[in-house]
Amino acid sequence: MGNFTLAKQDFLLFGPAILLLAVLCYWPLAWVALQALTVKGELSFTTIATVATGQIFWVSTLNTIYLTTSVVLITALVGYPLAYLVSQASPLWSYTLKFLILFPFWTSTLVRTYAWVVILQRDGLLVNAMRMVVPDMTPVSFLNTRAASTIGMVHIMLPFFVFPLLASMESIKRDYLRAAESLGAKPIIAFWTVFFPLSLPGLLSSVIMVLMLSIGFYIIPIVLGGGKGAVISMVIEKSLSLYPDWAVASSMGLLLLLMSAVALTILNALANKAQSIWR
Amino acid sequence: MAIETMHGRSLPLRIFGGVAIAFLIFPSFIVAMMSVSDSAYLRFPPTGFSLRWYEAVWNSPIWISSSLNSLKIGLASAALSTAIGVAVALGFKLKGRVMTGAQMAFLSMPLMVPGIVLGIAIYVVYAPFGLNGSFSGLVLAHTMLAMPFVILTMAAALRHFDVNQFNAAMSLGAGPFRAFTTVVVPQIAGAVVASLLFAFLTSFDEIVVTNFIGGGEYTTLPQRMFNSLRQDLDPKIAAIGTTLTLLTILVLVCVVLLQGKKGIVEMLSNGKDDEH
């Protein structure tokens with residue numbers, strides 16, 4: 001390797017990434033923790049305790065759990081059969097379907113949110129369409145509801161859910177299913193006893209992906225959910241735009257971070273367990 | 001006798017899949033309809049065709065400048081995050097190591113932290129340096145956010161790369177840079193293109209962090225759209241959105257043509273540069 005020493009090489013290859021993460025991710029996170037846990041330079045849990053016991057925090061926490069859970073569940077209920085369909089399709093169909101599932105990616109998140117506003121707003125497309133069935137329907141708005149937030153979020157998350165799951169489903173050999181069936185299992189039994197357990201690790205990693213992406217996402221809850229069911233990230237955003245209180249915002253941020261860490265740990269443990277069973 | 005199973009081919013499942021895909025595509029379709037509508041409200045059935053919203057965007061310095069901002073920031077952070085991410089993935093490969101779980105977690109931390117927390121934290125770290133609302137501030141933050149994707153994509157692409165080829169080139173007198181560009185790059189070109197594209201789209205679509213650290217002269221397109229969605233619901237969004245979708249598809253078609261038969265969908269969905 002000549003005079004291109006290993007140490008220098010390491011520095012050049014890993015240095016920029018570590019520096020970037022240290023300055024723009026780890027240092028800022030440490031700052032958030034510091035703001036939340038100190039008062040005038042001294043360790044203190046008063047701020048975070050006040051925030052954690054406040055009504056606004058509890059209501060928004062429940063809203064966050066409610067929204068994230070329903071988004072993950074609905075995405076899974078739609079995404080699993082969709083991924084299964086693609087995994088069993090012929091190569092040409094599989095390509096076509098993958099392209100179509102990725103299609104929304106090519107339209108910006110905010111543009112798609114705009115589309116949902118056009119569809120759901122008062123006198124919007126949905127009401128227009130419903131009028132064709134019920135002509136004298138009173139004009140209602142479907143915006144500013146929890147359902148609107150959920151639909152918008154599911155739409156964004158679905159491709160993120162399908163692709164990790166699909167990768168794991170495609171690695172399950174079709175012979176396993178054939179073997180089960182040639183041994184006399186009905187297709188549905190073969191699916192539930194052979195295919196589904198094998199796809200569990202992939203399913204869990206998709207769930208983790210969607211959970212992590214949706215837990216701190218405040219754009220859609222603001223635009224489509226309006227004031228209804230304010231989630232933690234929305235409360236943080238609002239608290240900073242009106243009168244910036246960094247200690248309170250940081251405390252909420254830290255609590256949100258802790259919650260997602262707990263969820264992530266549990267899901268990861270489950271994923272490891274699911275994987276170890278089949279090893 | 002081979003038993004051909006009917007798994008995944010049943011009619012109800014196909015219908016379900018069709019409906020799910022219609023749900024995925026429908027909003028893009030609505031945006032396209034809206035962009036050529038002659039009124040600010042979309043009616044069904046549509047009232048008339050007009051390109052007035054495209055014209056309005058063209059004549060709007062605000063929308064044009066934020067589009068250009070996003071384009072510049074996207075290109076810069078795509079190049080930067082791909083360079084840094086490729087270096088990391090190559091580093092592991094050269095050392096003959098596979099990333100451990102802890103190293104992976106360290107490198108993909110930006111993906112695991114809720115966006116809003118990073119947003120407020122970076123805002124505060126930037127403030128004393130005047131980096132909020134600056135070009136370099138946005139590029140650095142977007143680079144950091146896109147980097148984990150690049151590292152994961154490149155690590156997958158390099159999995160089957162034989163390090164001895166790199167070492168052989170070096171022992172034959174090539175410098176590390178030359179060895180990289182002539183021996184490694186041709187073998188991972190597909191994944192590099194996928195990384196660039198993905199990093200660009202990450203930056204181009206980023207709003208959660210950008211909403212805090214952007215603004216002013218360098219207001220990005222998503223930021224402008226977010227403000228508009230909260231206030232006046234400007235139909236120009238539809239015209240911009242449709243233009244961007246068409247441009248993205250055009251870029252993808254070009255990439256597919258350049259890549260030959262290798263499927264772009266395959267490439268983008270798992271980032272693998274297979275069969276090497």
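In what follows, chains are A, B, ... by sequence order, proteins preceding strands, each numbered from 1. Just so you know, these numbers come straight off a predicted model, no measurement behind them.
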Keeping B:S35 on the side-chain end and B:A32 on the backbone end, is there a donor-acceptor pair under 3.5 Å? yes
Region of B:I249 that comes under 4.5 Å of a non-hydrogen atom in chain A: side chain
For the side chain of B:Y126 and the backbone of B:G137, is there at least one donor-acceptor N/O pair under 3.5 Å apart? yes
Greatest number of non-hydrogen atom pairs under 4.5 angstrom with chain A, of B:L111, B:L233, B:L145, B:I151, falls to B:L233
Is the gap between the ring centers of B:F92 and A:F14 under 6.0 Å? yes
Taking every heavy-atom pair that is under 4.5 Å apart, which of A:I236, A:L257, A:L256, A:V111 has the most such pairs with chain B? A:V111
Where on B:F23 is there a heavy atom nearer than 4.5 Å to chain A: the side chain, the backbone, both, or neither? both
Keeping the roles fixed (side chain from A:T64, backbone from A:I232), state whether a donor-acceptor pair exists under 3.5 Å. yes
Side chain, backbone, both or neither of B:A238 within contact of chain A (heavy atoms, under 4.5 Å): both
Is it the side chain or the backbone of B:T242 that comes within 4.5 Å of chain A heavy atoms, both, or neither? neither
Only pairs of heavy atoms separated by less than 4.5 Å count here; which of A:I156, A:I208, A:L82 has the most with chain B? A:L82
Where A:A263 and A:L211 come nearest, the two heavy atoms and their spacing: CB-CD2, 3.5 Å
Closest contact, heavy atoms only, A:A36 versus A:L254: CB-CD2, 3.9 Å
Does any heavy atom of chain B fall under 4.5 Å from the side chain of A:V23, the backbone, both, or neither of them? backbone
Identify which part of A:L264 has an atom lying under 4.5 Å from any heavy atom of chain B, answering side chain, backbone, both or neither. side chain
Taking the ring centre of each residue, are A:F160 and A:F105 less than 6.0 Å apart? yes
Identify which of B:P27, B:G241, B:A20 forms the greatest number of heavy-atom pairs closer than 4.5 Å to chain A. B:P27
For B:I116 and A:S233, the nearest pair of non-hydrogen atoms, with its separation, is CD1-O, 3.0 Å
Chain A contact via B:T245 - which portion, at a heavy-atom distance below 4.5 Å: both
Rounded to the nearest 0.5 angstrom, the CZ-OG distance for B:F149 and B:S81 is 10.5 Å
In the structure I gave you, are the side-chain heavy atoms of B:F226 and A:V223 within less than 4.5 Å of one another anywhere? yes
Contacting moiety of B:L118, where chain A heavy atoms sit under 4.5 Å: side chain
With a 4.5 angstrom heavy-atom cut-off, which part of B:F29 approaches chain A: side chain, backbone, both or neither? neither
Residue B:A105 versus chain A: region with a heavy atom under 4.5 Å: backbone
How about B:M34 and A:Y114: do any of their side-chain heavy atoms sit closer than 4.5 Å? yes
One option among A:I18, A:I215, A:L100 has the most heavy-atom pairs under 4.5 Å with chain B, and it is A:L100
Option in B:L201, B:L107, B:L90, B:N211 with maximal non-hydrogen atom pairs under 4.5 Å from chain A: B:N211
Need one label for A:I119: side chain, backbone, both or neither, based on atoms under 4.5 Å from any heavy atom in chain B. side chain
Ignoring hydrogens and geometry, is there a side-chain-to-backbone donor-acceptor pair from A:Y26 to B:M109 under 3.5 Å? no
Taking every heavy atom of A:G216 against every heavy atom of B:P114, the minimum-distance pair comes out as CA-CB, 3.9 Å
Ranked by heavy-atom pairs below 4.5 Å to chain A, first place among B:S228, B:G175, B:G91, B:G17 goes to B:G91
Most contact-rich option vs chain A, by heavy-atom pairs under 4.5 angstrom, among B:V124, B:V125, B:I120, is B:V124
Is A:I151 close to chain B through its backbone or its side chain, or both, or neither, when contacts mean heavy atoms under 4.5 Å? both
Most chain B-contacting option - heavy-atom pairs closer than 4.5 Å, from A:T109, A:L29, A:V32, A:V154: A:T109
Please tabulate, for side-chain N and O atoms in residues 244-253 of chain A, each donor-acceptor pair with protein atoms closer than 3.5 Å (sequence neighbours left out).
residue	atom	partner	partner atom	Å
A:D245	OD1	A:A247	N	3.3
A:D245	OD1	A:V248	N	3.3
A:S250	OG	A:W246	O	2.7
A:S251	OG	A:A247	O	2.8

Quick check: are there more than 12 heavy atoms from other residues, nucleotides or ligands sitting under 6.0 Å from OH of A:Y176? no
I need the A:L165 CG to A:T75 OG1 distance, nearest 0.5 Å. 12.0 Å
With a 4.5 angstrom heavy-atom cut-off, which part of A:I219 approaches chain B: side chain, backbone, both or neither? both
Counting distance only, does the side-chain N/O of B:W53 pair as donor-acceptor with the main-chain N or O of B:S37 below 3.5 Å? yes
Tell me, side chain or backbone of B:M144 under 4.5 Å from chain A's heavy atoms, or both, or neither? both
Quick one: which residues of residues 202-210 of chain B reach chain A at under 4.5 angstrom, heavy atoms only? B:D205, B:I207, B:V208
